[in-house]
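To start, the structure itself, in structure tokens.
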Amino acid sequence: MHFLTPSLTSIIDDRTLQHQVQIDILRLDQLHPQISGNKWFKLKYNLDESINLNAKEILSFGGAYSNHLHALAFAGKEYGIKTIGIIRGNEVLNDTLNDCKNWGMELHFISRENYRHKTDEEFLQSIQSEFPNAYIIPEGGNNALGRKGCEEILSGIDLSSYSHICCAIGTGATFSGIINSSIPSNHILGFSSLKNGLYLEDEIRNWTHHTNWFMIHDYHFGGFGKRTNELIQFMNEFNQLFNIDLDIVYTSKMLFGVFDLIVKNYFNTNSKILVIHSGGVQGNCSLSLK
Ligand SMILES: *Cc1c(COP(=O)(O)O)cnc(C)c1O
């Protein structure tokens, strides 16, 4: 597969000028037309591992708008490995799931109640016995290999020039990889897309030994996948101002937070902020927001 080197886009407006901060956006959304953003980093070592183990299939979990399953389905097609998606809820097919299906992913829908057990040992064993040839990747690609891949997101970046690095959080795999590959002078800020994401702080402490990070819980807009008119308006204004598409689940919430904190003088003057655009814009098509 061919990947582009993500560019850095500087964004400047009245708010950044008035508060004397600089923002660069790392455009992981430009990495690949289908496998956008952070998902490739979480998949790459998992794909290698499935090949090492001679697995015939790769199975993973996600909601009906899952960027992770979308990326996995495409990667599976490219690698010639069969993929299986276990989908939360009895959803009708949307653009995301249609792509998955067209790229050869076998879709299995399970009830929300059942899906809740997706990390239980017993549940995973029953899935493994149903699909004995499958290499199983957890929801969101969040395992040790996924987090290891995310340590490469910042490669090639001059880290010493940034005071802050901002990143959206779902499972926390991307955030952990960024923390682990940062230098002590970087403050890593993670913006949770979940309403009750406090538990993630304990998990992240297990996944990294660095302490230069802080999680922000104020910009979930009602919870995971939830959105308000204010958020949709922000996303559209951002696109008009800077000609950059954001997704509604993660990156809109993070950038809303970044600008809100700028206006509230959270950042000292002359802060230089690197914002990770983790991609995910494909999901907006399914949500009819594009
Ligand atoms: C999946 C996703 C995330 C969340 O990544 P985690 O590693 O699960 O925290 C963030 N942004 C976008 C656009 C995503 O698709």
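Both backbone and side-chain heavy atoms feed into the values below; hydrogens, waters and symmetry mates do not. As the structure is a prediction and not an experimental result, all values here were calculated from the model. Just follow the structure's listing: the first ligand is 1, and inside any ligand the first atom is 1.
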In this structure, atom 14 (C) of ligand 1 is nearest to the protein heavy atom K39 NZ, 2.9 Å
Pairwise distance CD1(I179) to SG(C150) - rounded to 0.5 angstrom
11.0 Å
Under a 3.5 Å threshold, yes or no: a donor from one side chain and an acceptor from the other, between Y65 and E91?
no
If you scan protein heavy atoms around atom 11 (N) of ligand 1, the nearest is S278 OG, 2.7 Å
Would you mind listing which atoms of ligand 1 come within a distance below 4.0 Å of any non-hydrogen atom of N67?
14 (C), 15 (O)
Short side-chain donor-acceptor distance under 3.5 Å, Q22 and S10:
no
With backbone taken as N, CA, C and O and side chain as the heavy atoms from C-beta onward, which portion of T171 lies under 4.0 Å from ligand 1: side chain, backbone, both, or neither?
both
To the nearest 0.5 Å, what is the distance between CZ on F259 and CD on E237?
11.0 Å
With a heavy-atom distance limit of 4.0 Å, tell me whether N38 approaches ligand 1 through its side chain, its backbone, both, or neither.
side chain
Looking at ligand 1, does any of its N/O atoms fall within less than 3.5 Å of an N/O of G170?
yes
Any N or O of T251 that comes nearer than 3.5 Å to an N or O of ligand 1?
no
Looking at CG of N243 and CD1 of I11, how far apart are the two atoms once the value is rounded to the nearest 0.5 Å?
12.0 Å
G279: numbered ligand 1 atoms lying under 4.0 Å from its heavy atoms:
13 (C)
Going by the 4.0 angstrom heavy-atom rule, the piece of K42 near ligand 1 is side chain
Ligand-side contact atoms (ligand 1) for residue partner I169, heavy atom cut-off under 4.0 Å:
9 (O)
In this structure, atom 12 (C) of ligand 1 is nearest to the protein heavy atom Y250 CD1, 3.2 Å
Within the 4.0 Å heavy-atom shell around G280, which atoms of ligand 1 are there?
13 (C)
Hey, is CZ on F214 packed in by over 12 heavy atoms from elsewhere, all under 6.0 Å?
no
First locate atom CG of N239, then atom CD1 of I244, and finally report the distance between them rounded to the nearest 0.5 Å.
9.0 Å
Answer with yes or no whether the side chains of T96 and Q282 bring together a donor and an acceptor at under 3.5 Å.
yes
Element-labelled atoms of ligand 1 that are located less than 4.0 Å from some non-hydrogen atom of T174
5 (O), 6 (P), 7 (O)
Would G37 count as a contact residue for ligand 1, given that I'm defining contact as a non-hydrogen atom of the residue lying under 4.0 Å from a ligand atom?
no
Both conditions, 6.0 Å and 45 degrees, for the charged tip of K118 above the ring of F61: are they met here?
no
